Amino acid sequence: MSTEKNRISRLKDRISELKNRRDALILAHNYQLGEVQDIADVVGDSLELSRIAAASEASVVVFCGVHFMAETAYILSPDKTVLLPNLGAGCPMADMITAAEVKRMRQDHPNAMVVAYVNTSAEVKAHSDVCCTSANAARLVANLDAEEIIFVPDQYLGSYVMAQTGKTMILSSGYCPTHARISGVHIAKLRKEYPEAVVIAHPECRPDAIELADEVLSTGGMCQYVKTAPARQIIVATEIGIIHRLQKENPNKVYLPVSEQAVCPNMKMITLDDIVRSLEDMAPEVTVPEDIRARAKLAVDRMLLG
Ligand code: 13P
Ligand code: SF4
């Protein structure tokens, strides 16, 4: 075995030993490093992982994702210890909206309901009526009985939901810097080269990219879709970390990333060493002050029901 393989194998053994000792569940988002996905108990999208974190009986949840995901797990299960192995892993899009801005938007539209993408801080969630993820945003908005709807922070997901539901919403101006690097021009070029391929795109992509997609799906939706898709070549318009899982689950298909630049640096911060350290030290822990948590939970619970 090479030295690198030896090192990874030692880290994996240590994680498995610590995991049992701590009664921990390791969750990894579909964009995490391949070696992190490989040691996780569950790999999934934001909605799947929050459901699993809420239902699990483990006393410790190690969240290999970004900060808002760990926060959401804590909001749902404050009796658990929620660890984020690298506290630097934030979500730039979540930082594009503050609770003060949500309050201002509410003042301008007093009859509106506020729908917050789950990619938001706990404080923003606490000032919102309902949360959504990319997996359930369109369904949730379609079923909402509201005079006006404010949608934060993702302007592109918001535009996609408006097109899907025919409802007009008041949008804030946030966006995902990683998905914004994917353009319709990239997709058109690949489509020409691979006319038999299907294009799967995440709804955080810009409208010119979404327009050229065959399927617009959450990361979990992509994994499900590819399992039964008749096409052998898949053009992937999202963060390229998902290709690790797609390849592992469907090795007979060919995956064509729309852009090699579609890498979320925050999603790549957590390493196997961080996970070992985190389980050894039981840190860094993610918590939310109780008054904010209780209010944020109402919005997250409505998301899980929707
Ligand atoms: P999913 O909910 O589709 O996993 O997306 C989360 C995310 O942060 C995408 O950038
Ligand atoms: Fe946030 Fe975009 Fe990274 Fe997802 S891919 S965590 S939305 S910055």
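Heads up: numbering here begins at 1 and tracks the sequence. First listed ligand is number 1; within each ligand, the first listed atom is number 1. In what follows, every heavy atom counts, from backbone to side chain, and hydrogens, waters and symmetry copies are set aside. None of the values given here were measured: they were computed from a predicted structure.
- Close N/O approach between His29 and ligand 1 is found [any backbone or side-chain N/O within under 3.5 Å].
- Between Asn30 and ligand 1, no pair of N/O atoms sits closer than 3.5 Å.
- Listed by chain and number, Cys176 SG are the protein N/O/S atoms closer than 2.8 Å to atom 2 (Fe) of ligand 2, with waters left out.
- Heavy-atom proximity to Ser218, at under 4.0 Å, picks out these atoms of ligand 1: 3 (O).
- With atom 5 (O) of ligand 1 as the reference point, the heavy atom nearest to it among Met222, His202, Met267 is part of His202.
- The pair Arg293-Glu290 meets the salt-bridge criterion, with a side-chain N (NZ, NE, NH1 or NH2) lying under 4.0 Å from an Asp/Glu carboxylate O.
- Rounding to the nearest 0.5 Å gives a distance of 4.0 Å between OG1 of Thr133 and CG of Leu47.
- Considering backbone and side-chain N/O of Asp45, none are found under 3.5 Å from N/O of ligand 1.
- Where the criterion is an N or O separation shorter than 3.5 Å, residue side chain and backbone included, Thr133 fails it with respect to ligand 1.
- Residues Asp281 and Arg277 are not paired through a salt bridge, judged by the lack of any N-O separation under 4.0 Å between the basic side chain and the carboxylate.
- Residue contacts with ligand 1, taken as heavy atom pairs separated by less than 4.0 Å, do not involve Met93 at all.
- Salt-bridge formation is not detected for the pair Arg245/Asp38: no Lys NZ or Arg NE/NH1/NH2 atom is positioned less than 4.0 Å from an Asp or Glu carboxylate oxygen.
- The shell of residues lying under 4.0 angstrom from ligand 1, judged by heavy atoms, includes Ser134.
- Looking at Arg7 and Asp273, a side-chain N of the basic residue comes within less than 4.0 Å of a carboxylate O on the acidic one, giving a salt bridge.
- The environment of Asn252 atom CG is dense: over 12 non-hydrogen atoms of other residues, nucleotides or ligands sit within 6.0 angstrom.
- Short contacts between ligand 1 and Asn119, defined as distances under 4.0 Å to a heavy atom of the residue, involve ligand atoms 7 (C), 8 (O).
- Surrounding OH of Tyr175 are at most 12 heavy atoms belonging to other residues, nucleotides or ligands under 6.0 Å away.
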